[in-house]
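Inspection log for the structure reproduced underneath, given as structure tokens.
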Amino acid sequence: MNSNDKFAVNLNVSNFKPEELKVNLEGRQLSIQGEHDVENEHGASRKSFSRMILLPEDVDITSVATNLSNDGKLCIEAPKLEGVCGRSVPVKEASMDHHHIE
């Protein structure tokens, strides 16, 4: 999600424990990785994923935060920088004492 006030990414990581997840930020490059080893009577296997996301220029990279919900949803979000996006400009009414030239 990329709105006027924040950037957010939501991932379903319910197959991974918190300690199996890594989130790194290098410059504007955000990487999210997960690795999960499974062992049973038939042998061992590994589940893994990797996502790379380039954050937009107007994102405050010093304020990137993560939150892992109880149902396995990983939310990564950061606020937008002030002043980078457009701003509202008030509309002023013209004073009533102006003269028209015809």
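Because only heavy atoms are used, hydrogens play no part in the values below, and waters and symmetry mates are left out as well, while side chains stay in.
A distance-only check finds a donor-acceptor pair linking the side chain of E20 to the backbone of K17 [under 3.5 Å].
Rounded to the nearest 0.5 angstrom, H36 NE2 and E19 CD are separated by 10.5 Å.
The side chain to side chain donor-acceptor pair (under 3.5 Å) analysis of residues 59-79, with sequence neighbours excluded, yields the pairs K6-E77, D60-T62, D60-S63, S69-D71. Sorted by first and then second residue, the salt bridge (charged side-chain N to carboxylate O under 4.0 Å, His left out) pairs involving residues 28-41 (not counting sequence neighbours) are R28-E57, E35-R46, D37-R46.
Side-chain heavy-atom separations under 4.5 angstrom define the hydrophobic clusters, and the remaining members of the one that includes F49 are F7, V9, L11, V13, F16, L21, V23, L25, L30, I32, I53, L55, V59, I61, V64, L68, L74, I76.
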